[in-house]
Amino acid sequence: MTQSGDQHHQPDKETRAKQEPFSPENTPKSSHSPRRRLWRRLLGSLLVLALLVAAAVCWLAWMIAPERSPGLTHNDIDLKAKIIQMVQQRKLETTLTPAEFNDVATQELLDRAEHFPPGIKVTGAEFSWQGSVVQADVRGSLWGIPFGGLLDFDAVREGNELVLTHRHTIVKHGAFDWPQLEPIRISLTKYIPAVAKVKELTFGKDQLTLTFELDLWRIPRLLWR
């Protein structure tokens, strides 16, 4: 009697499942649900990342968009004529016009193209100066994105070279300090006889003046050749 009474008051699992259709024991479970949630989260994260990258590229393209189109055409300077002129004037001094300085600096820039930061390609440049600050109006591409900017260089003479050290870049919508170019070293005696060395370099308003002096220690070596 006691057992039959207990069975009467304790329904089996099937009966309880029918009485409680929404109980945890009766809820269907899917082994794919956690995996689906993981894939959804992953796809969502990738989508957000793609949107952020696209926004960054758009911002960069807007920031560095070119405004001018300088070229890379330049002429070789006839320094032989300048040397003859120095001899005729009996004065170890010569000058470079803004156009001549641009020709020299542009050639040096092209010669160092392989040393540009990764992703940089220069398609145009025009050099000028204000005081001892040399400015280059440059156009090119950064990882395929067209850019244009004004690059400021500190100009310092070191021996027979003019060293241009890149300080910062001004683009269409503000300053852009990356990437930094390696210093550009311009030889001031590339076509000058070996007995001459640079004594002084002066940036004037409309010309760059180079003053030379004779290196007397080199003269005997040249005569013995």
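These figures come from a predicted structure and were not determined experimentally. All values below come from the heavy atoms of this structure, side chains included, with hydrogens, waters and symmetry mates left out.
The salt bridge (charged side-chain N to carboxylate O under 4.0 Å, His left out) test applied to E158 returns R185, not counting sequence neighbours.
Two different hydrophobic clusters hold V163 and F127 under the rule that ILVMFWY side chains link at heavy-atom gaps under 4.5 Å. Residue W39 is grouped with residue L46 when hydrophobic side chains (ILVMFWY) are merged at heavy-atom distances under 4.5 angstrom, including chains of intermediate members. Note on W143: it clusters hydrophobically with I120, by side-chain heavy-atom contacts below 4.5 Å among ILVMFWY residues.
Between V122 and F116, the shortest heavy-atom contact is CG2-CE1, 3.5 Å. Across every non-hydrogen atom of T106 and A125, the tightest pair is OG1-O, 4.1 Å. What you find for G149 and T169 is that their closest heavy atoms are CA-CG2, 4.4 Å. The shortest heavy-atom contact between T123 and G140 is OG1-CA, 3.5 Å. Of all non-hydrogen atoms in R112 and E108, the two that sit nearest each other are NH1-OE1, 2.6 Å.
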**OP:** Evaluate the side chain to side chain contact (heavy atoms under 4.5 Å, CB included) criterion for residues L188 and L201: first the C-alpha distance (whole Å), next the side-chain angles of each, then the deciding distance (0.1 Å), finally the verdict.
**Re:** CA-CA 9 Å; L188 301 173; L201 181 149; 3.5 Å; yes

**OP:** Start with the C-alpha gap between R167 and D154, add the side-chain angles, then the distance that decides, and say whether salt bridge (charged side-chain N to carboxylate O under 4.0 Å, His left out) holds.
**Re:** CA-CA 7 Å; R167 291 307 182 195; D154 286 341; 2.7 Å; yes

Original post:
What's the verdict on side chain to side chain contact (heavy atoms under 4.5 Å, CB included) for L151 and L181, showing C-alpha distance, side-chain angles and the deciding distance?
Top reply: CA-CA 10 Å; L151 281 63; L181 299 182; 3.5 Å; yes

Subject >> V133 and F153: CA distance, side-chain angles, deciding distance, side chain to side chain contact (heavy atoms under 4.5 Å, CB included) verdict >> reply: CA-CA 6 Å; V133 176; F153 297 86; over 6 Å; no

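A heavy-atom distance below 4.5 Å is not found between the side chains of V198 and T211. Side-chain contact check for I186 versus V104: some heavy-atom pair is nearer than 4.5 Å. At least one side-chain heavy atom of I184 sits less than 4.5 Å from a side-chain heavy atom of L109.
Judged purely by distance below 3.5 Å, without hydrogens or angles, the side chains of Q107 and D103 never pair a donor atom with an acceptor atom.
How far CG of D152 is from CG of L150: 7.5 Å, rounded to the nearest 0.5 Å. For the atom pair NZ (K199) and CG (L210), the distance works out to 13.5 Å, reported to the nearest 0.5 Å.
By the 4.0 Å N-to-carboxylate-O rule, R157 lies too far from E161 to be salt-bridged with it.
Ring geometry, F203 versus F101: the interplanar angle exceeds 60°, so the pair is classed perpendicular (tilted spans 30 to 60°).
Panel note: side chain Q207, backbone G204; no donor-acceptor pair is recorded below 3.5 Å.
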